Amino acid sequence: MNRHQQSSWNDGRAVTPKRRRSEGGSSWKCLSAISAISALMIVAGAQTRPRARDLGIAPGVYAPGALNAITDVEGVRVGHTTVVEGERVRTGVTAIVPHTGNLFQDKVAGAVFVGNAFGKLAGSTQVAELGTIETPIILTNTLSVGVAIDAVVRYTIAQPGNEQVRSVNALVGETNDGGLNDIRGLHVTRDHVLDAIRNAKPGAVAEGAVGAGTGTMCYGWKGGIGTSSRRLDRTGYTVGVLAQTNFGGNLTIAGVPVFRLLQPPRRPAAGPAADGDPADGSCMLVVATDAPLDARDLRRLAARAVFGLARTGSAYSNGSGDFAVAFSTAVDQRSRFNETAARARATLPTDATSPLFEAALEATEEAVYNSLFQATTVRSAIGNAEAIPIDKVRELLKK
């Protein structure tokens, strides 16, 4: 079997053949292979398709970081496990790790904003109550939230220094990839989640049909993972956004009503959403910053990410779960496990937050575009999702 015939990828690249545990956890079975043609499409396509800036699309007024990715925030790492098996399985896991230390012992300030709560964001209530995040943030499909929680708990209690830990608040979000993936088959395993965490790295982030974005759709086209960042010149702070796009509405790119001029195959004509229209779906957003924001202002930052979806034409429909998680990597805002002594913290004043809010809006908009432009066509026995045609988009934007 050559490297284009594997059924699992990490960070968007082919890896060596793997076996995964059965549901009972004691027996093993080989992952089934997909065709060389389909795998080549996924691996090679992500390397050749452009990002938004390659098409001259540069939302907003702030410049991106060096990578134009959430990993421009120092210390943040991202890992993907892409699971493609046979003709029915198109799913995966994406892990966002806020810093390189022991997250449970050295918790980051964090917050959650809910735009529309038709979704499952496990662990959000404790984040809202305490204002801290103590585990990697995991994105996957709707029915794999449970196995992801199990994996995150096992990962956390296995970390050196956590031998006495008896409670872990795993933070796991999802979108429903059942339009392309055999979601009822529960194909994501504990090992897939652990692989995404352990292989998380700094640097460029694979986008499109990878990780938790493998089976997602956006505006009727193939969606997936997208990321972008903004750096504030005056303060030097960075805001990075990672999006798992699986939602709909009326696609607008850089103000151009693309939905009126370019329709996905078999999508109803533009207009009010009808029953079953692809306006339904979900979007998970993760926002990172090195600015010393407390939990209150991080929630406000997360809200701007959800608001940023509107710039791309999101319908925020009844069936769309629109969530954002935001965290700060600033050391002054961290909380040590079992810390009881008072200490001084450097916190950015509320009146200084507006540039960060604008940066989150801009980075979210661009992350959505990147998820679309980087995604390759995905076909399965469950359904098909076509990649948005870059040449046609380019022509529309010229006009």
Side-chain angles (χ1 to χ4, degrees), residues 49-52 55-60 114-119 175-180 207-209 213 215-226 228 241 243-285 303-324 360-375 377-378 383-399:
R49 288 177 65 85
R51 302 183 81 198
L55 300 177
I57 302 167
V114 180
N116 191 63
F118 202 133
T175 71
N176 194 310
D177 59 15
L180 296 175
E207 299 173 289
T216 65
M217 292 182 278
C218 189
Y219 293 114
W221 301 102
K222 181 67 190 77
I225 298 297
S228 184
V241 174
Q244 178 194 19
T245 63
N246 194 44
F247 64 97
N250 296 303
L251 177 60
T252 303
I253 298 177
V256 177
V258 172
F259 70 96
R260 296 189 185 279
L261 307 166
L262 180 64
Q263 287 288 322
R266 294 180 299 281
R267 182 179 175 182
D275 291 343
D277 187 88
D280 279 347
S282 293
C283 188
M284 278 297 313
L285 299 162
R304 271 57 180 187
V306 173
F307 300 162
L309 297 178
R311 295 185 172 191
T312 72
S314 174
Y316 299 105
S317 68
N318 170 68
S320 184
D322 304 304
F323 298 88
L361 288 167
E362 295 178 8
T364 300
E365 180 182 0
E366 189 167 348
V368 172
Y369 299 151
N370 285 336
S371 77
L372 284 164
F373 297 152
Q374 286 282 286
T377 295
V378 170
N384 302 320
E386 300 292 328
I388 194 167
I390 297 298
D391 289 343
K392 292 183 179 179
V393 171
R394 185 182 284 113
E395 288 303 313
L396 291 176
L397 295 178
K398 286 180 181 179
K399 295 177 181 179

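Remember, it's a predicted structure, so these values are computed and weren't measured experimentally. All values below were derived from every heavy atom in this structure, side-chain atoms included, with hydrogens, water molecules and symmetry-related copies excluded.
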Could you state the interatomic distance from CZ (R311) to CD (E365), rounded to the nearest 0.5 Å?
-> 5.5 Å

State which residues pass side-chain hydrogen bond (donor to acceptor under 3.5 Å, both in side chains) with S371; sequence neighbours excluded, sorted by chain then number.
-> T245

Min side-chain heavy-atom separation L55-I253 under 4.5 Å = no

Excluding sequence neighbours, so at least two apart, what forms side chain to side chain contact (heavy atoms under 4.5 Å, CB included) with M284?
-> L121, L139, T175, Q244, F323, V325

Apply side chain to side chain contact (heavy atoms under 4.5 Å, CB included) to A52 and list each qualifying residue two or more places apart in sequence or on a separate chain.
-> I57, E366, Y369, N370, F373

Spell out, as yes or no, whether a donor-acceptor pair under 3.5 Å connects the side chain of N246 to the backbone of M217.
-> yes

Identify the heavy atoms of A324 and A305 that sit nearest to each other, and give their distance.
-> CB-CB, 4.2 Å

With distance as the sole test, does T364 use its side chain to make a donor-acceptor pair with the main-chain N or O of A360 at under 3.5 Å?
-> yes

Any idea which heavy atoms bring F307 and Y316 closest together, and the distance?
-> O-OH, 3.5 Å

What residues, two or more places apart in sequence or in another chain, satisfy side-chain hydrogen bond (donor to acceptor under 3.5 Å, both in side chains) together with T312?
-> Y219

What's the shortest heavy-atom distance between A375 and A387, and which atoms?
-> O-CB, 3.3 Å

Taking the side chain as every heavy atom from C-beta outward, state whether K222 and L180 have any pair of such atoms under 4.5 Å apart.
-> yes

Side chain to side chain contact (heavy atoms under 4.5 Å, CB included) between L396 and R260: does it pass, once the steps are laid out?
-> CA-CA 11 Å; L396 291 176; R260 296 189 185 279; over 6 Å; no

Determine the minimum heavy-atom distance between S282 and G321, stating which atoms define it.
-> OG-N, 3.0 Å

Compare all side-chain heavy atoms of V256 with those of V393 and state whether any distance is below 4.5 angstrom.
-> no

Residue pair P50 / I390: nearest heavy atoms and the distance that separates them | CG-CG2, 3.7 Å

With K398 via side chain to side chain contact (heavy atoms under 4.5 Å, CB included) - residues at least two apart | R394, E395

F247 vs S317 side-chain heavy atoms within contact, under 4.5 Å = no

Which pair of non-hydrogen atoms, one from A243 and one from L285, has the smallest distance, and what is that distance?
-> CB-CD2, 3.5 Å

Listed partners of F118 passing side chain to side chain contact (heavy atoms under 4.5 Å, CB included), at least two apart = N116, N318

Below 4.5 Å, heavy atoms only, C-beta onward: do D322 and C283 meet side chain to side chain?
-> yes

Going through the distances and angles, do L262 and I388 end up as a side chain to side chain contact (heavy atoms under 4.5 Å, CB included)?
-> CA-CA 9 Å; L262 180 64; I388 194 167; 4.3 Å; yes

Among all residues two or more places apart in sequence or in another chain, which pass the side-chain hydrogen bond (donor to acceptor under 3.5 Å, both in side chains) test with T216?
-> none

